[in-house]
There are 2 protein chains.
Amino acid sequence: MQKYSKQTRLLLAVDCIIFGFDGETLKILLIKRDFEPEKGNWSLMGGFVQANESVDQAANRVLTQLTNLQGVYLEQLYTFGNTKRDPLERTVSVSYFALIDINKYEAQLSKDYHADWFPLKKVPKLIFDQQDMVEAAKKRIRYKAALHPILFELLPEKFTLPQLQVLYESVFNTSIDKRNFSKRVLATGLLIKLDDKDKTGSKRGAFYYQLNKQNYYTKFQSFINILPNPDTLQV
Amino acid sequence: MQKYSKQTRLLLAVDCIIFGFDGETLKILLIKRDFEPEKGNWSLMGGFVQANESVDQAANRVLTQLTNLQGVYLEQLYTFGNTKRDPLERTVSVSYFALIDINKYEAQLSKDYHADWFPLKKVPKLIFDQQDMVEAAKKRIRYKAALHPILFELLPEKFTLPQLQVLYESVFNTSIDKRNFSKRVLATGLLIKLDDKDKTGSKRGAFYYQLNKQNYYTKFQSFINILPNPDTLQV
DNA sequence: ACAAAAGTGTTTTAGTTACACCCATGG
DNA sequence: CCATGGGTGTAACTAAAACACTTTTGT
């Protein structure tokens, strides 16, 4: 089966940076690595690409293994290819980032995989070059969210404008005027106002909204304008 | 040296989409593949990642092989990992795109490598999934150029505003008001006006400009605003 | 003297920011 | 009845778009 003779064959891995939002801060999901080297240390969920699967399929497999979720937003981030990144054997890793609704994630799974959620500011030391992967993922999510409506992937089907605003404020580490925020968000045409309210956050309650899926898919690739001053954003 | 036993090892390649601008249209550089399969057909410049080099190094090596240029703008684009993309043997390819000053490219090299420049609208049939790579690169260059000043990498050290405008108009397939264009470009603070003129394009001549390297490097990551209506751009 | 491309300024329009009060409700 | 968070409108300002004429010079 080796038709290109004399060429080096090497290990190819995938690693997933899995983001979730708990209503207050953006978090990532890490596991305790269960094999050597670095066994027992915090790590991204990952795995080797198998002979019979594409790289994308490998990333999806690995993500589903840990979360038991299907159809999740998953995007290729960057391929890390330094020769020494895995000290045991040359391994190139294709990193992906995923955005999941943290409520759909079952806590039970954390026990099975010795996994845990970490706020971005409290990420523990990670194995190999995974610190770089997380940094790249943080940059990418901010970059992309400044231009495209990806953050909705982190919220449940029904959400309120205050919830959405907290999410944006947390991702961009800024505070936004709620009047202007609501104007900009509603001007995108991506939201449908529902009749019922979320009463958990206040006595008056805040109206629920849901995504207008049609507009969402057609406008996903175009630039949107939810943030103030996106021009001055350093990304 | 195989420490992770029972895992699949596979071939890893790099492929480069090399862009150049001849003053009229955006072009890419292709070669005639000199080994089987698909020997003699048009192909991107590429090669296998060797045991002792990083993936980035492989991309740089391959680019320098064909162009004899160093220090060129080279950015990782996407990793293509379908199982069947190379019919001979499973090969995952990390694609990169490069922006070069077409004047620095020596025509002699084209003869050595049986290479040629093709306008984006006249790219011939390519091997494997390289058509997808070129499409991804076209999208990426437009996307990135709409937000960041990468197109200067395609121009010589000294260039005129009319030349720059033709470049933008060609990349975005649009026509731009020259008064507004010059206002926006100069407002970026990226350009230094020189004293001499390019007289090849007109009797009066157009002033040369060069990049303010300092501002260029510090502002490279922030969003700039040279295009009209970037919001409505489909990318 | 005229053709051909370079260069420049102003008005109009649209979009963004800043800002403060009333509303609804549970306790 | 009051504390808490939700919801909304307007005026001031800033940025973008539209638009046309003058300059230079080689032939």
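Chain naming here is simple, since letters A, B, ... match the order of the sequence lines and numbering starts at 1 in each.
Using cut-offs of 30° and 60° on the angle between ring planes, the pair F97(A) and Y73(A) is tilted.
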Name every donor-acceptor pair, under 3.5 Å, that has one atom in a side chain of residues 17-28 of chain A and the other anywhere in the protein, sequence neighbours excluded.
| from | atom 1 | to | atom 2 | distance (Å) |
| --- | --- | --- | --- | --- |
| D22(A) | OD1 | E24(A) | N | 2.8 |
| D22(A) | OD1 | T25(A) | N | 2.9 |
| D22(A) | OD2 | K27(A) | NZ | 2.9 |

Which donor-acceptor pairs under 3.5 Å do the side chains of residues 151-162 of chain B make with protein atoms, sequence neighbours left out?
| from | atom 1 | to | atom 2 | distance (Å) |
| --- | --- | --- | --- | --- |
| E153(B) | OE2 | Y216(B) | OH | 2.6 |
| K158(B) | NZ | D196(B) | OD2 | 2.7 |
| T160(B) | OG1 | Q163(B) | N | 3.2 |

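For S93(A), the side chain to side chain donor-acceptor pair (under 3.5 Å) partners are D15(A), not counting sequence neighbours. Under the side chain to side chain contact (heavy atoms under 4.5 Å, CB included) criterion, Q108(A) pairs with K111(A), D112(A), sequence neighbours left out. Remark: D195(A) engages no residue in a salt bridge (Lys or Arg N to Asp or Glu O under 4.0 Å) (not counting sequence neighbours).
Between the CD1 atom of I176(B) and the P atom of dC19(D) there is a distance of 17 Å, rounded to whole Å. Following rounding to the nearest Å, L186(B) (CG) and dA6(C) (C1') show an atom-to-atom distance of 13 Å. In this entry the distance linking CZ of F181(A) with P of dT16(C) reads 15 Å, nearest Å. In this entry the distance linking CG of L227(B) with P of dA15(D) reads 19 Å, nearest Å. Atom pair R179(A):CZ and dT16(C):C1' shows a separation of 14 Å (rounding to whole Å applied). We find that CD of Q163(A) is positioned 14 Å from P of dG5(D), with the value rounded to whole Å. Rounded to a whole Å, the CZ atom of F207(A) is 19 Å from the P atom of dG5(D). Following rounding to the nearest Å, F223(A) (CZ) and dG15(C) (P) show an atom-to-atom distance of 17 Å.
Distances shorter than 4.0 Å separate none of the side-chain N or O atoms of R184(A) from OP1 or OP2 on dG15(C). Phosphate contact (OP1/OP2 of dA18(C), side-chain N/O of N180(A), threshold under 4.0 Å): absent.
A heavy atom lying under 4.0 Å from DNA chain D marks the following residues of residues 191-205 of chain B, by number: K199(B), K203(B), R204(B).
In the set dA18(C), dC19(C), dC19(D), dA18(C) carries the atom at the smallest distance from any side-chain atom of K183(A). Listed nucleotides: dG7(C), dA18(C), dG6(D). Nearest to the side chain of K178(A): dG6(D).
Between the side chains of T200(A) and D198(A), at least one donor-acceptor pair of N or O atoms lies under 3.5 Å.
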